[in-house]
Amino acid sequence: MERNTPNTASPAKRKFDPENFPSNTSATDHMLIAKYSGGKWSDAEIVPYHQLTLSPLAMCLHYGQTVFEGLKAYRSQTGKINIFRLDSHYHRMNKSLKRMAMPELSETMFIKGIEELVKKDEDWVIDEEGFSLYIRPFVIATEAKVGVSVSSEYLFMVVCTPMRAYYSRPLRVKVEKDFIRAAKGGTGAAKNGGNYGGALYPTLLANQEGYDQVLWTDASHKEFLEESGTMNLMFIIDDILITPPAGSTILEGVTRDSILELARERKMEVQVRPLSVKEVEEAFLQNKKVEAFGVGTAAVVAPFEKVRIGKNDYFPYIEADAVMYSLKEELQAIRLGLLPDKYGWNTCIQ
Ligand SMILES: *Cc1c(COP(=O)(O)O)cnc(C)c1O
């Protein structure tokens, strides 16, 4: 091998030490990569994890053509690995790519690619309660060119990072009425980088007031609740599970869909409809039992312990017998193979 050429030889395999692994900031040994140019994708390849070289003119650095996904793999009871709802994440990724005028991915690249990558780094998926391997697929525009236009070159990559069970304390959230996340016709339904960048400043202001996250409201009237961070919103008011409809301004969460399915199966009353801030505030004022929580791949179910509406704080129900915890447990049990996977949600890696 010539000097100065990138070293693509496999580095010595690291021993994964879950006690000392910096989750979130460090990746597993391998990654998946494919390049798009001349109107087509190259075959996806699994290579040792390494740094990227990009032109400072790479369009993703300037004009926001970026899309990502986030999904998880678990070590199941049988010792095999389950990837949760791989197919749904594939379809959503392509939907996001289409909205951002970026080239869609084939099933082979995404689904087979992730299966192979997880198999390759399977030592990192350990059998420990609450442990998961977080899988991050993404596509970025790489053409080096000044001027806003559709890039003609892209990189598709998948990297993985192990995640330990973390006890997350219930969140304090604030209904946001000054800033918005997404407007009808915008990019809110796509997992596009810009949506998250724009949310940081309002979230920072909320943090300074003692809240962890904001609850976004609709851009036109700021009357209806939408979502929070990278989570969809759910409320259980008097035993009825209510969640706003996903669509143009609300990202269609896979966790949301899974929880709705489990709730319907239990014969809970489920209402997918616009939910106004006023309705929630009235429920609190009438002392109704209100559970409020976010649902998403990272935390699965994140209970809210405090909800700021206008000048008042309200306190949802977070005791151990809250329904949200049992929905979360049921979902976890399906992922781990402790309950039958009657919906076909797990892709089992042999
Ligand atoms: C990813 C994400 C969610 C949750 O989706 P999951 O598929 O459940 O992880 C919800 N809202 C936004 C804005 C997101 O980016």
Side-chain angles (χ1 to χ4, degrees), residues 24 64 66-74 82-97 99-100 110 114 132-139 158 160-161 163 168 171 173 176 179-184 186-200 202-203 206 212-219 224-235 241 243-263 272 275 292-304 324 327-328 330-332 334-335 343 345-347:
N24 295 347
T66 69
V67 156
F68 67 94
E69 266 301 322
L71 64 161
K72 282 179 172 178
Y74 301 82
N82 286 337
I83 304 177
F84 191 67
R85 304 198 68 176
L86 184 51
D87 205 51
S88 305
H89 288 278
Y90 167 63
H91 290 295
R92 189 173 66 193
M93 179 114 194
N94 273 348
K95 219 171 115 182
S96 299
L97 288 169
R99 176 63 183 83
M100 299 311 297
F110 190 94
I114 289 176
S132 61
L133 185 71
Y134 184 80
I135 304 165
R136 165 55 57 84
F138 61 102
V139 179
V158 184
C160 303
T161 182
M163 274 193 183
S168 52
L171 302 177
V173 297
E176 178 61 59
F179 298 94
I180 61 155
R181 188 191 90 91
K184 281 211 171 76
T187 57
K191 264 181 130 68
N192 160 239
N195 292 337
Y196 306 85
L200 295 175
T203 306
D212 302 295
Q213 285 284 351
V214 301
L215 302 191
W216 299 110
T217 51
D218 71 283
F224 293 95
L225 291 164
E226 298 215 315
E227 54 181 328
S228 180
T230 54
M231 295 186 295
N232 292 109
L233 286 183
M234 290 192 175
F235 287 80
L241 174 61
T243 192
S248 76
T249 61
I250 300 181
L251 190 111
E252 202 157 5
V254 175
T255 316
R256 171 184 180 277
D257 182 71
S258 311
I259 296 274
L260 288 178
E261 192 71 48
L262 298 182
V272 177
L275 176 63
F293 51 104
V295 295
T297 295
V300 188
V301 167
F304 300 157
M324 61 187 167
L327 286 165
K328 176 179 183 173
E330 189 177 347
L331 190 58
Q332 289 294 59
I334 293 172
R335 290 166 158 170
Y343 309 99
W345 284 342
N346 295 320
T347 297

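Indexing begins at 1, ligand by ligand and atom by atom, following the structure's order.
- Counting protein heavy atoms only, atom 15 (O) of ligand 1 is closest to Y196 OH, 2.4 Å.
- Looking from atom 12 (C) of ligand 1 to the surrounding protein, the closest heavy atom is E227 OE1, 3.3 Å.
- Between T255 and ligand 1, at least one pair of N/O atoms sits closer than 3.5 Å.
- Every N/O-N/O distance between G70 and ligand 1 stays at or above 3.5 Å.
- The heavy-atom pair separating G70 from P137 by the smallest distance is N-CD, 4.2 Å.
- At distances below 3.5 Å, at least one donor-acceptor pair connects side-chain atoms of K72 with backbone N or O atoms of T297.
- Look at G229 and you'll find a heavy atom under 4.0 Å from some atom of ligand 1.
- Under a 4.0 Å criterion applied to the non-hydrogen atoms of G253, ligand 1 contributes the atoms 5 (O), 6 (P), 7 (O), 8 (O).
- Only the side chain of L251 comes within 4.0 Å of ligand 1, judged by heavy-atom distances.
- Near R181, with a cut-off below 4.0 Å to any heavy atom, the atoms of ligand 1 are 13 (C).
- Here is the list of ligand 1 atoms found below 4.0 Å of a heavy atom in T297: 6 (P), 7 (O), 8 (O), 9 (O).
- Among L275, V295, I250, L215, the one residue that satisfies the side chain to side chain contact (heavy atoms under 4.5 Å, CB included) test with L233 is L215.
- Remark: R181 engages E227 in a salt bridge, criterion side-chain N to carboxylate O under 4.0 Å.
- In this structure, W345 and F84 have perpendicular ring planes: the angle between them is above 60°, well past the 30° mark.
- Judged purely by atom type and a 3.5 angstrom limit, S132 has no side-chain atom pairing as donor or acceptor with the backbone of Y74.
- With contacts defined as side-chain heavy-atom distances shorter than 4.5 Å, the pair T255/L331 qualifies.
- Ranking the protein heavy atoms by distance from atom 14 (C) of ligand 1 puts K191 NZ, 3.0 Å first.
- A salt bridge links R92 with E69; the closest basic N to acidic carboxylate O contact falls under 4.0 Å.
- Looking only at heavy atoms of the protein, atom 4 (C) of ligand 1 is closest to T230 O, 3.4 Å.
- For E69, the closest heavy-atom approach to ligand 1 does not fall below 4.0 Å.
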